[in-house]
2 protein chains.
Amino acid sequence: MSTIKEVASLAGVSPATVSRVMNGEVPVAEKTRQRVEDAMQRLGYRPNSFARSLASNRSDCIGLVISHLAGPFMGTMMVNLEERLRLNQKSLLVSSGHNELSREMESIDFLMSRRCDGLLVQSDRLSDDALIALATEIPLVVINRLVPALASQCSYVDNQRGSYLATRHLIQQGHCHIACITGPLWKQDAAQRLAGFRQAMAEAGLQVPEAAVIEGSWQESSGRIAVDTLRQRNLHFTALAVGNDDMAIGAMMRLQALGLNVPRDVSLVGFDDEVYAHYVTPGLTSVHVPVDRMAQAASGRLLSLAYDEPWEGERCFATHLVERGTVAPPP
Amino acid sequence: MSTIKEVASLAGVSPATVSRVMNGEVPVAEKTRQRVEDAMQRLGYRPNSFARSLASNRSDCIGLVISHLAGPFMGTMMVNLEERLRLNQKSLLVSSGHNELSREMESIDFLMSRRCDGLLVQSDRLSDDALIALATEIPLVVINRLVPALASQCSYVDNQRGSYLATRHLIQQGHCHIACITGPLWKQDAAQRLAGFRQAMAEAGLQVPEAAVIEGSWQESSGRIAVDTLRQRNLHFTALAVGNDDMAIGAMMRLQALGLNVPRDVSLVGFDDEVYAHYVTPGLTSVHVPVDRMAQAASGRLLSLAYDEPWEGERCFATHLVERGTVAPPP
DNA sequence: AATAAACATGAAAGCGATTACATTACTGCC
DNA sequence: GGCAGTAATGTAATCGCTTTCATGTTTATT
């Protein structure tokens with residue numbers, strides 16, 4: 001492996017000049033640049049990233065902390081993040097929080113000790129304050145969550161509006177007895193989606209009885225259970241607004257198992273528009289989340305923070321309803 | 001940010017000793033170690049990873065090249081890889097091949113220029129020779145593929161056996177007219193799965209007409225199309241062995257749309273046992289792939305190669321059939 | 001108690017880049 | 001042609017750690 005010195009002496013210049021050619025900021029005479037580039041070529045020179053980082057105090061690495069790497073969006077998320085970062089020659093270091101606060105914090109710690117130039121964080125568990133504190137230590141962008149004090153460093157989805165749209169759609173079809181299955185309400189997105197539901201109901205002058213809201217776990221199984229709970233409560237409902245597709249599918253399967261027809265007896269909307277939303281029969285009507293654009297925005301923003309690049313992108317992303325077959329007028 | 005020198009002088013030792021305490025390989029007197037650790041604690045010292053890498057010529061980073069980050073297994077894959085690596089204080093650098101050979105090669109190049117200590121590669125496009133050449137340059141483990149010349153550095157699934165089991169299951173139910181929808185046959189796993197199908201058929205003395213094998217694209221849509229093609233060919237079949245779950249689901253939906261009943265009219269087995277395999281009705285019988293164990297093995301093996309750690313793990317992972325509702329005796 | 005062996009520590013030379021500062025080489029202007 | 005001013009390049013210090021080699025300190029051996 002050749003070094004900058006070898007390149008320099010082959011090109012007949014000093015190492016400093018070679019460095020300047022590489023980094024391109026400082027002007028170098030065209031003739032010199034040519035000679036240096038030839039030398040680099042001939043030697044198959046590759047700058048040593050360790051030395052470079054040590055001297056410049058930049059790692060050219062961006063850390064990504066994800067509360068659960070196997071989550072539904074993470075694939076799409078990462079493809080887009082990585083693509084944007086690579087455009088700028090930055091590497092992506094990933095670390096999973098394995099669904100636990102303590103491990104999430106360890107992850108952050110670990111990435112900081114690696115001296116990443118910036119951090120992308122997708123976390124439900126970390127408090128706003130923890131994130132605000134973190135942002136003072138390192139360029140930070142929060143993914144899929146709005147931290148008000150850090151608004152310009154967040155990339156998130158308009159969950160409330162999405163859920164509002166979904167619920168309104170049910171109402172427009174004539175439903176007035178709509179129950180709601182939410183995600184864990186301590187999570188921001190779950191709470192916002194519930195808020196959207198309530199907003200649409202209120203706007204239509206419809207009551208939302210206590211019993212009509214059930215807090216699930218995002219898991220398919222909790223959708224099944226929620227249906228049973230609703231029936232035990234003797235709650236009359238002709239439609240279900242569900243916080244995500246997995247629970248919606250769970251609910252749907254349970255309804256069908258109980259001999260009910262979707263959408264004839266009960267209508268259903270999900271949220272997330274997962275790839276498999278149309279694998280069920282009938283296809284699940286759901287709210288689409290533009291994960292790809294959110295990811296691109298997040299990485300763009302982080303680059304702007306970490307390397308003073310220009311930036312004019314969105315922070316909040318709109319959702320839209322994708323109609324399939326689970327919604328019909330009430331019986 | 002404090003440096004090793006500051007720690008050293010606070011502890012009243014030389015920087016060398018501090019280094020030895022950190023790295024733990026060389027014996028240090030208990031008393032000294034204690035003083036050094038106190039000093040590190042008091043200063044909140046964090047070793048500078050750049051300097052460390054530069055001096056030791058080790059990055060403590062492992063690169064992961066994935067042909068397509070959003071693929072079905074990648075979530076599970078990454079959780080497990082990351083977890084194992086973190087145990088050993090190694091970071092995971094990810095890079096996507098974006099489903100193109102050239103970009104895959106760029107990814108590898110990029111990770112090499114970052115001087116990763118080792119590489120995990122999941123690639124269909126790279127040739128065996130390319131991988132063999134790569135393995136001479138850097139510790140390498142190939143994921144989900146067997147390169148014979150690199151057998152001990154591969155972590156893969158027994159696709160043939162899985163497909164054999166699935167097909168045998170159909171045969172045992174009494175089917176003798178079984179068609180097969182495969183993945184793109186230039187991919188090793190697709191070819192192996194087809195081989196398993198043929199093996200089971202041959203073993204049972206059943207013919208496999210040319211027309212009964214259809215090459216798909218792994219995509220759900222190609223499962224739909226395959227069903228149509230089979231019918232255009234006027235091929236009589238009572239069961240379908242499908243190369244993956246997505247195509248199986250596509251086929252199933254098409255069959256149902258054509259008014260056929262699964263499994264009464266046509267039986268169906270998939271492969272991969274994706275989370276959503278039971279979202280369809282009836283639940284898809286499929287072959288389970290132990291992605292988690294394969295990932296753990298891959299990372300363990302790579303650690304052993306890159307850092308001379310001990311290693312005694314498996315290379316080839318067995319699959320097993322998960323029975324749900326898409327298989328029944330022929331009409 | 002003397003000697004060898006083992007052990008613990010320190011001194012200092014890198015590792016390979018970046019960059020502030022000094023120096024040299026041009027340019028245009030009078 | 002000489003001088004100022006700018007542009008291009010070189011010099012050398014620096015980043016913070018690891019590691020070899022040398023030195024000093026114990027511990028065992030007889």
(message) Which is more 5' along DNA chain C, the nucleotide nearest B:A55 or the one nearest B:V28? Just name the residue.
(response) B:V28

Check ion pair [X]-[Y] (N to O, under 4.0 angstrom):
X	Y	value
B:R46	A:D109	yes
A:D60	A:R58	yes
B:E37	B:R42	no
B:D128	B:R145	yes

Could you tell me how far apart [X] ([atom1]) and [N] ([atom2]) are, to the nearest whole angstrom?
X	N	atom1	atom2	value
B:E30	C:dA8	CD	P	11 Å
B:I4	D:dC15	CD1	P	14 Å
A:R35	D:dT9	CZ	C1'	11 Å
A:R114	D:dC17	CZ	P	14 Å
B:L54	C:dG16	CG	P	7 Å
B:N48	C:dC15	CG	C1'	13 Å
B:M1	D:dG16	CE	C1'	12 Å
B:R20	D:dG16	CZ	P	21 Å

(request) Using a cut-off of strictly less than 4.0 Å, decide whether B:N23 has a side-chain nitrogen or oxygen near OP1 or OP2 of D:dT18. (result) yes

(request) Check whether any side-chain nitrogen or oxygen of B:S53 sits under 4.0 Å from OP1 or OP2 of C:dC15, and answer yes or no. (result) no

(message) Set out, in order, the CA-CA distance, both residues' side-chain angles and the distance that settles side chain to side chain donor-acceptor pair (under 3.5 Å) for B:E82 and A:H98, then state yes or no.
(response) CA-CA 10 Å; B:E82 195 263 355; A:H98 296 277; 3.0 Å; yes

(message) Students often get this wrong, so: under 4.0 angstrom with heavy atoms, is B:S49 touching a base, only sugar-phosphate, or nothing?
(response) nothing

(request) When you get a sec, tell me which of D:dC17, C:dA17, C:dT9 is the closest nucleotide to the side chain of B:A29? (result) C:dT9

(request) Select one nucleotide: of C:dT18, C:dA8, D:dC17, the one nearest the side-chain heavy atoms of A:S19. (result) C:dT18

(request) Please work out which residues in residues 5-17 of chain B have a non-hydrogen atom less than 4.0 Å from an atom of DNA chain C and list them by number. (result) B:G12, B:V13, B:S14, B:A16, B:T17

(request) Could you tell me whether the side chain of A:R315 and the main chain of A:G313 form a donor-acceptor pair under 3.5 Å? (result) yes

(message) Report for the helix from C:dA1-D:dT30 to C:dC30-D:dG1: angle between first-end and last-end helix axes, five pairs each, rounded to 10 degrees.
(response) 30°

(message) Please tell me whether B:Q296 and B:N80 have a donor and an acceptor in their side chains that are separated by less than 3.5 angstrom.
(response) yes

(request) Under the side chain to side chain contact (heavy atoms under 4.5 Å, CB included) rule, collect the residues that match up with A:R293, sequence neighbours excluded. (result) A:P290, A:E314, A:F317

(request) Start with the C-alpha distance between A:R52 and A:S49, add both sets of side-chain angles, then the distance that settles side chain to side chain donor-acceptor pair (under 3.5 Å), and finish with yes or no. (result) CA-CA 5 Å; A:R52 191 199 278 249; A:S49 61; over 6 Å; no

